[in-house]
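Because the structure is predicted, anything quoted here is derived from the model rather than measured. Residue numbering restarts at 1 for every chain, and letters A, B, ... go by the order of the sequence lines.
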Amino acid sequence: MSENTTEDRSTEIPPNFVEERVAADRAAGRNAGRVQTRFPPEPNGYLHIGHAKSICLNFGLAQTFQGKCNLRFDDTNPETEEVEFVESIQADVRWLGFQWDGAVRYASDYFQQLHDFAVTMIKAGDAYVDGRTTEEIRATRGDFHTVGTPSADRSRSVAENLDLFARMKAGEFADGTYVLRAKGDLASADMKMRDPLMYRIRHAHHHRTGDAWCIYPIYDWAHGQSDFIEEITHSICTLEFVNHRPLYHWFLDKVGAAPLPDGGASAPAASYARPEQIEFARLQLTYTVLSKRRLQELVEKKFVAGWDDPRMPTLAGLRRRGYPAAAIRAFCERIGVATRDAIVDVSLLEFAVREALNATAPRSLAVLDPVKVVLENFEEAVTFDAPFGPDLPGVDSEAAKITRKLRLTKEIFIEREDFMEVPEKKFFRLAPGQEVRLRWACIIKATRVEKDETGKITTIYATWDPDSVGGQPKDGRKIKGTIHWVSAEDAIDAEVRLYDRLFQAENPMGDKENWLASVNPNSLQVVTAKLEPSLAARAVGECVQFERIGYFTVDKDSAPGRPVFNRTIALKDSWSPKK
RNA sequence: UCCGGCGUCGUCUAAUGGCUAGGACAGAGGAUUUUGAUUCCUCUUAUCGGGGUUCGAGUCCCUGCGCUGGAACCA
């Protein structure tokens with residue numbers, strides 16, 4: 001992590017409530033002052049920016065308190081999980097700038113131990129095998145107003161439960177015939193405590209354990225116990241798990257975790273080791289959908305080209321779009337962590353991206369919608385050095401002084417919208433009889449235009465001021481406007497993909513049934529642009545600024561002689577919105 | 001409707017019973033500028049309602065309202 005400009009700001013951001021809780025726990029001597037967190041994705045999709053918030057929180061906590069953070073795949077559902085996702089998730093976490101402690105962990109590493117814990121629970125009379133169907137179980141669980149009713153299975157003997165569970169594990173039964181349930185409280189107002197399921201039978205191939213198991217633990221049984229096994233101290237999750245917390249602790253008690261201290265009144269024993277679940281609000285962004293299911297739907301229904309389509313809010317998509325990891329980290333820090341549902345304005349993310357790119361991206365000249373300009377009084381081509389920059393106020397950087405050769409030729413291209421035959425007021429660019437500066441090159445003045453039969457301008461004729469090479473007229477006259485340009489002779493062609501937001505609705509999920517209706521039909525526009533030659537040397541993933549237009553990055557679809565650039569984000573524009 | 005969580009500028013967030021409710025983004029205005037970018041300056045805007053406790057309440061209590069999660073062999 002070398003991007004200090006953005007990261008130094010973290011010192012201005014006050015600690016969030018999770019950090020305060022962790023600090024308080026350490027002060028109270030819990031877990032002997034250790035901090036051990038974990039990021040626990042299920043490998044059933046790509047990570048998105050919502051996960052980035054969790055990653056920054058968990059790994060950030062470990063950094064702040066000299067602790068450790070595990071990467072643990074919550075792979076307890078073999079039917080939806082794949083190796084592809086296991087790999088992409090690791091790549092994304094690393095790209096974000098974090099390294100987990102030790103080896104990658106898997107909940108499936110603990111299948112045997114989880115099984116043994118379950119056997120212990122059966123022996124203690126805390127779990128039983130239920131042979132009823134999903135429908136029957138659901139019906140007898142009761143609802144918000146009525147308590148559940150026990151079935152005969154609930155009073156099975158320990159020996160019989162042990163036998164049945166062993167046969168479940170041995171593969172004697174078909175999917176769905178039996179489940180192992182904890183003996184909770186069927187009258188609890190907390191539905192989670194009404195005899196929660198611990199195991200179901202699934203004769204499915206697991207991406208890691210293969211066919212070794214046909215019983216798989218359910219989240220509530222697997223997650224907290226995995227935390228316990230890994231000696232996690234703070235198990236951070238999102239708000240929808242608040243309802244699970246009593247069960248989380250109930251199971252921990254059953255497997256022998258140190259008892260909760262008495263409200264913190266007395267200092268816990270030195271051996272005290274018990275994870276604590278802390279919930280925070282998941283990230284929601286305007287004009288964005290952040291749910292794996294929905295993102296998968298966008299991919300499957302071909303609204304985008306894949307999980308890493310630059311319009312996707314996946315980390316893979318944002319990376320390909322050109323969003324720097326440092327910008328995402330800075331964003332995650334600034335939005336804070338709290339327990340209230342919030343929808344963050346996407347402009348906050350965009351600000352972080354522009355901020356990071358403005359400080360780092362080399363500048364270059366590119367014309368997206370070219371129109372030819374012929375310099376009538378121009379004879380010999382002029383070659384000169386132009387700095388890549390960026391030229392930042394208050395920053396004297398040697399790297400910014402690196403230059404490339406630029407050549408001014410008789411024929412150039414400029415942006416079509418930088419010329420107006422009849423200029424409106426405050427149009428500081430090229431117009432007949434009006435002077436404008438060509439960035440780094442010289443001052444020109446338009447004389448006349450040529451049009452085709454439709455009235456479209458095909459060529460602009462102009463004269464140049466030979467006493468203005470470099471862009472500064474010798475007589476010192478003020479030139480208000482500066483526009484970008486490329487030499488018609490030297491320019492290279494490139495495919496440029498102009499991305500816009502994927503959704504037109506601020507809250508695409510506002511209409512849950514028709515959320516796909518708010519997909520922006522113009523979220524991708526492809527143009528053939530004219531670029532200055534130096535841009536041909538940029539490598540895939542490099543970020544540059546096309547001056548006066550925006551930030552762009554080289555896409556992996558680039559081919560020799562045919563670069564492809566993705567627009568990461570446009571520059572702020574305080575001019576055109578007024579039109 | 002039963003149980004739980006949550007309500008502070010347009011948005012996100014700070015305040016830990018005590019300065020004029022602070023910051024960032026967004027928005028508006030201005031200065032500088034060889035990018036109408038950047039940078040700099042200025043400004044607008046908030047404690048869900050009603051009671052109570054207190055010298056003092058965004059913060060504590062009661063109550064109402066609103067939003068949100070929960071009755072998967074998903075996580």
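Comparing the P positions of U44(B) and G23(B) gives a spacing of 12 Å, expressed to the nearest Å. Between A37(B) and A31(B), the distance separating the two C1' atoms is 16 Å to the nearest Å. If you take atom C1' in G17(B) and the same atom in G56(B), they sit 8 Å apart, rounded to whole Å. For the C1' atoms, the distance from A57(B) to C48(B) is 16 Å, rounded to whole Å. A distance of about 35 Å separates the P atoms of G29(B) and G50(B), rounded to the whole Å. G49(B) and G7(B) have their C1' atoms separated by 12 Å, given to the nearest Å. Rounded to whole Å, the separation between the P atoms of G5(B) and U39(B) comes to 43 Å. Comparing the same atom, P, in G18(B) and in C60(B) gives a spacing of 12 Å after rounding to whole Å.
You cannot call Y219(A) stacked on the base of A75(B); the centres under 5.5 Å and planes under 30° rule is not satisfied. By the 5.5 angstrom centroid cut-off and the 30-degree plane limit, F351(A) is classified as not stacked against the base of A24(B).
Looking at heavy-atom distances under 4.0 Å, F241(A) makes contact with a base. Across all strands shown, T339(A) has heavy atoms under 4.0 Å from sugar-phosphate atoms exclusively, and none from any base. Within 4.0 Å of D143(A), counting heavy atoms only, lies at least one base atom of the nucleic acid. As judged by a 4.0 angstrom heavy-atom cut-off over every strand, L239(A) is placed among residues making no nucleic acid contact. Within 4.0 Å (heavy atoms only), R132(A) reaches at least one base atom of the nucleic acid. Backbone-only contact: A338(A) has heavy atoms under 4.0 Å from sugar-phosphate atoms and none from a base. Heavy atoms of T80(A) sit nowhere under 4.0 angstrom from any nucleic acid atom. Residue contacts for I335(A): at a heavy-atom cut-off of 4.0 Å it reaches the sugar-phosphate backbone alone, with no base atom in range. Across all strands, Q545(A) comes closer than 4.0 Å to base atoms (heavy-atom distances). Residue V344(A) is classed as a sugar-phosphate contact, given heavy-atom separations below 4.0 Å to backbone atoms only. Within the 4.0 angstrom heavy-atom criterion, no nucleotide atom of any strand lies near F546(A). Using a 4.0 Å heavy-atom criterion, one finds that I483(A) contacts no nucleic acid atom at all. Residue contacts shown for R141(A) are limited to sugar-phosphate atoms, with no base heavy atom under 4.0 Å away. Residue K292(A) is out of contact with every strand shown, counting any heavy-atom pair closer than 4.0 Å.
Interface remark: the H484(A) side chain does not form any donor-acceptor pair with the U35(B) base, using a distance-only criterion of under 3.5 Å. Between the side chain of N243(A) and the base of G69(B), at least one donor-acceptor pair of N or O atoms lies under 3.5 Å. Contact annotation: side chain of H244(A) to base of A75(B), donor-acceptor pair present below 3.5 Å.
If you take CD of E415(A) and P of G36(B), they are 12 Å apart, rounded to a whole angstrom. Regarding R354(A), its CZ atom lies at a distance of 11 Å from the C1' atom of A26(B), rounded to whole Å. Counting to the nearest Å, the P atom of A75(B) and the NE2 atom of H48(A) are 17 Å from each other. Distance, D153(A) CG to C73(B) P: 15 Å, rounded to whole Å. Put simply, CD on E424(A) is 15 Å from P on G36(B), counting in whole angstrom units. Look at CG on D465(A): it is 15 Å from C1' on U34(B), rounded to the nearest Å.
Between R181(A) and C73(B) there is no side-chain polar atom (N or O) within less than 4.0 angstrom of OP1 or OP2. Close to G70(B), at under 4.0 Å from its OP1 or OP2, lies no side-chain N or O of R194(A). Remark: R334(A) is not in phosphate contact with A14(B), judged by side-chain N or O atoms under 4.0 Å from OP1 or OP2. In this structure, R202(A) reaches the C74(B) phosphate: one of its side-chain N or O atoms is under 4.0 Å from OP1 or OP2. For A72(B), one of the phosphate oxygens OP1 or OP2 lies less than 4.0 angstrom from a side-chain nitrogen or oxygen of R138(A). For T146(A), no side-chain nitrogen or oxygen approaches OP1 or OP2 of C2(B) to under 4.0 Å. For A37(B), one of the phosphate oxygens OP1 or OP2 lies less than 4.0 angstrom from a side-chain nitrogen or oxygen of S574(A). Within the 4.0 Å cut-off from OP1 or OP2 of A75(B), at least one side-chain nitrogen or oxygen of R200(A) is found. For G5(B), the OP1/OP2 oxygens have no side-chain nitrogen or oxygen of R340(A) closer than 4.0 Å.
Between F165(A) and H115(A), the two ring planes are parallel [angle under 30°; tilted spans 30° to 60°].
When distances are taken from the side chain of R439(A) to each of U35(B), G70(B), C73(B), the shortest belongs to U35(B). The W440(A) side chain lies nearest to U34(B) when the options are G4(B), U35(B), U34(B). Nearest nucleotide to the A342(A) side chain, out of C3(B), C12(B), A71(B): C12(B). Closest to the side chain of T482(A), from the set A75(B), U35(B), C2(B), is U35(B).
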**Message:** side-chain contact (heavy atoms from CB on, under 4.5 Å), that's the test. Do L368(A) and E415(A) meet it? Break it down for me.
**Reply:** CA-CA 7 Å; L368(A) 263 32; E415(A) 210 70 62; 3.5 Å; yes

**Message:** Run Y248(A) and F241(A) through ring pair (Phe, Tyr, Trp, His ring centres under 6.0 Å) and show every step you take.
**Reply:** CA-CA 10 Å; Y248(A) 183 90; F241(A) 292 100; 9.9 Å; no

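Remark: A57(B) base-pairs with no nucleotide; criterion is Watson-Crick or G-U wobble with both hydrogen-bond distances under 3.5 Å. Across all strands shown, G66(B) pairs with C6(B); the Watson-Crick or G-U wobble distances both stay below 3.5 Å. Pairing for A15(B) is absent, with no Watson-Crick or G-U wobble pair whose two atom distances lie under 3.5 Å. Using Watson-Crick or G-U wobble geometry with both donor-acceptor distances under 3.5 Å, U42(B) finds its partner in A28(B).
Residue-to-nucleotide proximity on RNA chain B shows that, of S347(A) and T177(A), the 5′-proximal contact is made by S347(A).
For the pair R202(A) and Y216(A), the NZ or CZ position fails the cation-pi test of under 6.0 Å to the six-membered ring centre and within 45 degrees of the ring normal.
Between Y46(A) and H51(A), the ring center distance fails the sub-6.0 Å criterion. Residues Y219(A) and H223(A) bring their aromatic ring centres within 6.0 Å.
Heavy-atom minimum distance, R354(A) versus K572(A): NE-N, 3.8 Å.
When only modelled atom types and interatomic distance are considered, R363(A) and H484(A) share no side-chain donor-acceptor pair under 3.5 Å.
No more than 12 heavy atoms of other residues, nucleotides or ligands lie within 6.0 Å of NZ in K445(A), so this atom counts as exposed by the packing criterion.
Using a cutoff of 4.0 Å between basic side-chain nitrogens and carboxylate oxygens, R548(A) and D418(A) are scored as salt-bridged.
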